[in-house]
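The next block holds one structure in the form of structure tokens; read it before the comments.
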Amino acid sequence: MISIEHSGDSAVSHDDPTPSVGTGARARAHIDTTKPHSARFWNYFVGGKDNYEVDREIGDHIKEIFPGLVDVAVTSRNFLGRAVRYLADEQGVRQFLDVGTGLPTADNTHEVAQRAAPDARIVYVDNDPIVLAHADALLGSTPEGRTVYLNADLYAPETILAAAADTLDLSRPVALMILNTLGHVADHDQARDLVSRLMAGLPSGSHLVVSDSTATSEGMIAASDAYNASGAVPYYVRSIGEIAAFFDGLDLVDPGVVQVPEWRPDLRGPAGPTTAVDAYCGVGRKP
């Protein structure tokens, strides 16, 4: 089942008249607070409030092992804003498909996009109870645009595309955003296949935006090992070459696949820490 919640016409619809999930107590009842959770853990690192003691404990432990992970979180979040501004302002993109939404903080995709283009349409995709419980915070929209949340799974790309087509015109360019999410797919070939299948459903002129943590220092590898040992859903750090491979067949936008603070830092908005970070990103255009 895919549940859909949207803003822009003040309506909520579900394909099941008795939905199995919701933004209130029923969704929160599915949240396991006994184990760390990636969305809550990342929320803690970027200064959010939607996390539990178990998330803060592993967060503080990892800060001791590798303080640089905080910089990864902050700079990756700032990259999102710069990438969306570039796509909306310079490329005229008006449609965004954000897969692996995570928890809302400041300057979410729809906020950045609709500041630049009030008529922008944004579809968020996640299948996480903690994200669903906070979906209302994601669902603001300008009157001219639309913001939709899909309760769907990265492992079902065709299902995502079919549901997104209710909001997005898939005959026109779409920016596919997959930020700090693909590391949860253990097998790199499978992760590439999922990205390829999503991009296959989007037309020429669409863009892929990816950022992920990388195995580029002993500290990051140790932090990843500690996180994976905590009982949370594992997150696998990859090589720079593996991040670059997600863009195979696409035209990379300058400056290519780089550390997240180095991607167009001149665009307005904070770049965050400028020291080296163990996270790489890129934006590619579908020919």
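Predicted, not measured: the structure shown is a model, and the values here were computed from it.
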**OP:** Could you list the residues that satisfy side-chain hydrogen bond (donor to acceptor under 3.5 Å, both in side chains) with E90, not counting sequence neighbours?
**Re:** none

**OP:** Decide whether V195 and L170 are clustered together by the hydrophobic rule: side chain heavy atoms of Ile, Leu, Val, Met, Phe, Trp, Tyr closer than 4.5 Å, transitively.
**Re:** yes

Original post:
Would Y236 and I178 show up in the same hydrophobic cluster when neighbours are defined by side-chain heavy atoms closer than 4.5 Å?
Top reply: no

For a quick test of reading the model, state the closest non-hydrogen atom pair linking [X] to [Y] and the distance between them.
X: T75; Y: P261; result: CG2-CG, 3.9 Å
X: A116; Y: D89; result: CB-OD1, 3.3 Å
X: L202; Y: L198; result: CG-O, 3.5 Å
X: Q190; Y: V185; result: OE1-CG1, 3.8 Å
X: V125; Y: A152; result: CG1-O, 3.8 Å
X: D166; Y: R146; result: O-NH1, 3.7 Å

Between [X] (side chain only) and [Y] (backbone N and O only), is there a donor and an acceptor less than 3.5 Å apart?
X: H207; Y: K286; result: no
X: D126; Y: T101; result: yes
X: S211; Y: C281; result: no
X: D153; Y: Y155; result: yes
X: N228; Y: Y235; result: yes
X: R94; Y: A88; result: yes
X: Q95; Y: L168; result: no
X: T147; Y: G140; result: yes
X: R82; Y: W263; result: yes
X: R238; Y: L182; result: yes

From [X] atom [atom1] to [Y] atom [atom2], the distance as rounded to the nearest 0.5 Å:
X: M220; Y: D278; atom1: CE; atom2: CG; value: 5.0 Å
X: T214; Y: I240; atom1: OG1; atom2: CD1; value: 6.0 Å
X: H184; Y: L154; atom1: NE2; atom2: CG; value: 10.0 Å
X: T181; Y: D98; atom1: OG1; atom2: CG; value: 8.0 Å
X: R85; Y: L80; atom1: CZ; atom2: CG; value: 9.0 Å
X: R172; Y: S204; atom1: CZ; atom2: OG; value: 13.5 Å

**OP:** Report the C-alpha distance between V209 and F96 in whole Å, list the side-chain angles of each, state the deciding distance to 0.1 Å, and finish with yes or no for side-chain contact (heavy atoms from CB on, under 4.5 Å).
**Re:** CA-CA 10 Å; V209 183; F96 295 81; over 6 Å; no

**OP:** Give the intermediate values and the outcome of side chain to side chain donor-acceptor pair (under 3.5 Å) for residues N180 and S213.
**Re:** CA-CA 7 Å; N180 305 98; S213 299; 4.5 Å; no

So do the side chains of [X] and [Y] get within less than 4.5 Å of each other, counting heavy atoms only?
X: R264; Y: V253; value: yes
X: I221; Y: D225; value: yes
X: L97; Y: I160; value: yes
X: L250; Y: M199; value: yes
X: F79; Y: V283; value: yes
X: L161; Y: R197; value: no

Subject >> salt bridge (Lys or Arg N to Asp or Glu O under 4.0 Å) pairs, two or more places apart, involving residues 246-263 >> reply: R192-D248

**OP:** Please work out whether the ring planes of H188 and F246 are parallel, tilted or perpendicular, with thresholds of 30° and 60°.
**Re:** tilted

**OP:** Using a strict cut-off of less than 4.0 Å between a Lys/Arg side-chain nitrogen and an Asp/Glu carboxylate oxygen, indicate whether R77 and D107 qualify as a salt bridge.
**Re:** no

Subject >> Worked check of salt bridge (charged side-chain N to carboxylate O under 4.0 Å, His left out) between D169 and R121 >> reply: CA-CA 10 Å; D169 178 355; R121 293 189 163 214; over 6 Å; no

Original post:
So among E111, H110, Q114, which one has a side chain to side chain donor-acceptor pair (under 3.5 Å) with S141?
Top reply: Q114

